[in-house]
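As the structure is a computational prediction, the values presented were derived from the model and not from experiment.
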Amino acid sequence: MSDPVTVLVVEDEPLTRLSIVAGLEDEGFIVFEAANADDAITVLEANLEIQLVFTDVDMPGTMDGLRLAAFVRDRWPPIHIIVTSGHSSPDPAFLPVNAPFFSKPYRPEDIFSEIRRMTAN
């Protein structure tokens, strides 16, 4: 059996973050969480085992989820990225290559299977 996948959830809405984090943990993923992009970068710098970032687009702070996704892609190219939003559907040109977008509300099962697909060796 393979090692569990390590995921960073970046979501400013506490109940939404709690829900997806609990679901991911129940599915056997190792999960870190952050409420904004600045916190996410700190978590990424301290935890090099993170394999995938699941980020909301609309967040307070110095950068939104799309800018965070671009930053992660530039600084940590091997990390997979999934983008989500309940407010807007970004132009695919603004998403990093191979970063799928999920509109809220999403089915958690769809997120779990996409993470497994993206991180399969």
Hydrophobic cluster membership, [X] vs [Y], 4.5 Å side-chain cutoff:
| X | Y | result |
| --- | --- | --- |
| V72 | V57 | yes |
| V5 | V43 | no |
| I81 | V21 | no |
| V9 | I115 | yes |
| V31 | L52 | yes |

Is it the case that the side chain of [X] and the backbone of [Y] share a donor-acceptor pair, with hydrogens and angles ignored and the cut-off at 3.5 Å?
| X | Y | answer |
| --- | --- | --- |
| R73 | V97 | yes |
| T16 | D12 | no |
| S19 | L15 | no |

Under a 4.5 Å cut-off applied to non-hydrogen side-chain atoms, are [X] and [Y] in contact?
| X | Y | result |
| --- | --- | --- |
| L95 | L66 | yes |
| M63 | I41 | yes |
| S85 | F101 | yes |
| L44 | V53 | yes |
| I20 | F112 | yes |

Euclidean distance, [Y] [atom2] relative to [X] [atom1], rounded to 0.5 Å:
| X | Y | atom1 | atom2 | answer |
| --- | --- | --- | --- | --- |
| F71 | T55 | CZ | OG1 | 13.0 Å |
| T6 | L48 | OG1 | CG | 11.0 Å |
| I50 | H80 | CD1 | NE2 | 13.0 Å |
| F94 | R67 | CZ | CZ | 12.5 Å |
| I111 | F29 | CD1 | CZ | 10.5 Å |
| D39 | N36 | CG | CG | 4.0 Å |

I need the minimum non-hydrogen distance between [X] and [Y], along with the two atoms involved.
| X | Y | value |
| --- | --- | --- |
| P4 | G28 | CB-O, 3.4 Å |
| P96 | A70 | CG-N, 4.2 Å |
| R17 | A34 | CD-O, 3.7 Å |
| D58 | D56 | O-OD2, 3.0 Å |
| V10 | A37 | CG1-N, 4.3 Å |

The side-chain hydrogen bond (donor to acceptor under 3.5 Å, both in side chains) partners of Q51 (sequence neighbours excluded) come to none
With sequence neighbours left out, what residues match P100 under side-chain contact (heavy atoms from CB on, under 4.5 Å)?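 side-chain contact (heavy atoms from CB on, under 4.5 Å) check on P100 returns I82, F102, E114, M118.
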Ring pair (Phe, Tyr, Trp, His ring centres under 6.0 Å) partners of residues 37-69, not counting sequence neighbours, each pair once: F54-Y106
If the threshold is 4.0 Å, N to carboxylate O, is there a salt bridge linking K104 and E11? yes
Using a cut-off of 6.0 Å, state whether more than 12 heavy atoms not belonging to D91 lie near its atom CG.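 Enclosed: over 12 neighbouring heavy atoms sit under 6.0 Å from CG of D91.
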